[in-house]
There are 2 protein chains.
Amino acid sequence: MVDLNRLKQIYKFGKELSLNDLQVLLKAAKNGSFDKKELLINEGSTRNDVFYIKSGLVRCFHINDKGEEVTLKLIPEHQVVANVDLILFSQTSRFFYEALEKTEVFFINYDVLQDLVSRHPKLEANRKYVLQRLLKESMERVESFVLLSPEERYLRFVKDFPGITNRVQDKYIANVLGITPVSLSRIRKRIATKN
Amino acid sequence: MVDLNRLKQIYKFGKELSLNDLQVLLKAAKNGSFDKKELLINEGSTRNDVFYIKSGLVRCFHINDKGEEVTLKLIPEHQVVANVDLILFSQTSRFFYEALEKTEVFFINYDVLQDLVSRHPKLEANRKYVLQRLLKESMERVESFVLLSPEERYLRFVKDFPGITNRVQDKYIANVLGITPVSLSRIRKRIATKN
DNA sequence: TAAAGGCGTTAACAAAAGATAATTAATAAA
DNA sequence: TTTATTAATTATCTTTTGTTAACGCCTTTA
């Protein structure tokens, strides 16, 4: 018998969820594992699994006209990865989702999840929680672009995402901040010389 | 008797909503009207009404350390305005929400809405719809900051928001794009000379 | 009607960022 | 361990943006 209370603590998922509902969810979910550099979701994919990252780190990136990779988002443990193009936009994925570290996940098919939610109404609270969390994160990011300078944006990013600089390459962080790697390097130097 | 089908068409609100559920919602909602320059929500406010803009235009702005107004978002008719700081962050509003035009709204207290949703489960679909739409919009905005240059961002903005340049001052648009009014003026000139 | 204020444009200069390439440092592969 | 690759830093130059201020235009107010 799994200790669900412990599970909740460890995986921080079902915040507003009863143990019973969490059990329903976990019963339907499968375990998965991705090696470093392995893709969870490919560009053009119609895979509609929703992943919950137990451990590891996922990079969402796009390849532009010039063939360059542009990283949009870094998603660490205890967060949800999904093919948002499919779920929100009803189109194939414009992005790649790649494991940057060995990544352990729960995953569940979105249609199955929909069905599960309709049969267990209390799960709706959890869906709401996940959606609100995504919304909050996204809105805070918009705010950081409107209200902050690139330097301030960098400082806030590393503050909100402790240890990230030791886990991923700077060029990915630069992309996420909407600047070039060269510019990020200069910003870091500027900050260093201030202190 | 109100023709709800017509209402749905006009107000585009209850996309996934049955007429009955829409009726429940509208019955609980009050009508409101704001004159130009009037505030829907003040900074520091704990007002937790959710507004649906029937007609008009609302500006969400912030006053920074230097006392300057910085516009974060422009919200036109058929969209939802809410005190997100209160609802998502459990804190008083950091922003002002000001009518830029005479603005007609439906509004409903968020707690009342919560209660309504719990008693009419089908309304949950509508809440999901609103949340997903906000998320989509916010994510697209983040993408525009990461993937596009200021000039491209401006072009996409006016494309996605037809007629906006005739409705609001350029300085508000500049803020929303994360640039200065002077820079926006230069971008417009650059675009003009290209054609 | 005149005065005042606000806004968009333009100018001038400083600061920052982009682009490209060279160098150094770190990492991965042989 | 050595070699090959890849990433980060630095340098140089160009372009863009920020800042401040001046100017003309328009709207509002007296």
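Every chain is numbered from 1 and lettered A, B, ... according to where its sequence line falls, protein lines coming before strand lines.
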K.L.:
Does B/Lys36 have more than 12 heavy atoms from other residues, nucleotides or ligands lying within 6.0 Å of its NZ?
P.N.:
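No, because the 6.0 Å sphere around NZ of B/Lys36 holds 12 heavy atoms or fewer from other groups.
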K.L.:
5'-most contact on DNA chain C: B/Val168 or A/Pro150, nearest heavy atom basis?
P.N.:
B/Val168
K.L.:
Rounded to the nearest angstrom, tell me the gap between atom CD1 in B/Ile173 and atom P in C/dC7.
P.N.:
14 Å
K.L.:
So B/Glu143 and A/Arg94, salt bridge (Lys or Arg N to Asp or Glu O under 4.0 Å) or not? Walk me through it.
P.N.:
CA-CA 12 Å; B/Glu143 279 175 39; A/Arg94 290 165 302 156; 2.9 Å; yes
K.L.:
Taking the side chain as everything from C-beta on, heavy atoms only, tell me whether A/Asn109 gets closer than 4.5 Å to A/Gln114.
P.N.:
no
K.L.:
Which of these nucleotides, D/dA7, C/dA11, C/dA17, is closest to any side-chain atom of A/Ser183?
P.N.:
C/dA17
K.L.:
Please pick, from C/dG8, C/dA17, D/dG18, the nucleotide with the shortest atom-to-atom distance to any side-chain atom of B/Lys171.
P.N.:
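Within the option list, the nearest is C/dG8.
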K.L.:
Identify which nucleotide among C/dT9, D/dT17, C/dG18 has an atom closest to any side-chain atom of B/Asp170, counting heavy atoms from C-beta outward.
P.N.:
C/dT9
K.L.:
Separation of A/Ile191 atom CD1 from C/dA16 atom P, in whole Å?
P.N.:
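These atoms are roughly 12 Å apart.
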K.L.:
From CG of A/Asp35 over to C1' of C/dA28, roughly how many Å is that when rounded to an integer?
P.N.:
17 Å
K.L.:
Without decimals, in angstroms, what is the distance between A/Arg190 CZ and C/dA15 P?
P.N.:
12 Å
K.L.:
Contact class for B/Ser185 vs. all strands (heavy atom < 4.0 Å): base, sugar-phosphate, or nothing?
P.N.:
base
K.L.:
Using side chain to side chain donor-acceptor pair (under 3.5 Å), reason through B/Ser144 and B/Arg153 one step at a time and then give a plain yes or no.
P.N.:
CA-CA 6 Å; B/Ser144 79; B/Arg153 205 150 65 235; 4.7 Å; no
K.L.:
Over how many whole Å does the gap from A/Asn175 atom CG to D/dA8 atom C1' extend?
P.N.:
14 Å
K.L.:
Starting at CZ of B/Arg153 and ending at C1' of C/dA17, how long is that distance when rounded to a whole Å?
P.N.:
13 Å
K.L.:
On the six-membered ring of B/Phe107, is B/Arg47 placed so that its NZ or CZ lies under 6.0 angstrom from the centre and within 45° of the ring axis?
P.N.:
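Here B/Arg47 passes the 6.0 Å and 45° test against B/Phe107.
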K.L.:
Rounded to the nearest angstrom, tell me the gap between atom CG in B/Leu148 and atom C1' in D/dT16.
P.N.:
16 Å
K.L.:
For B/Arg186 and for B/Lys36, find the nucleotide of DNA chain D with the closest heavy atom, then tell me which residue's nucleotide is more 5'.
P.N.:
B/Arg186
K.L.:
C/dC7 P sits how many Å from B/Leu184 CG, rounded?
P.N.:
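Going from B/Leu184 (CG) to C/dC7 (P), I get 14 Å.
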K.L.:
Assuming nearest nucleotide by heavy-atom distance, tell me which of A/Pro181 and B/Thr180 is located more 5' along DNA chain D.
P.N.:
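Looking at DNA chain D, the more 5' nearest nucleotide goes with A/Pro181.
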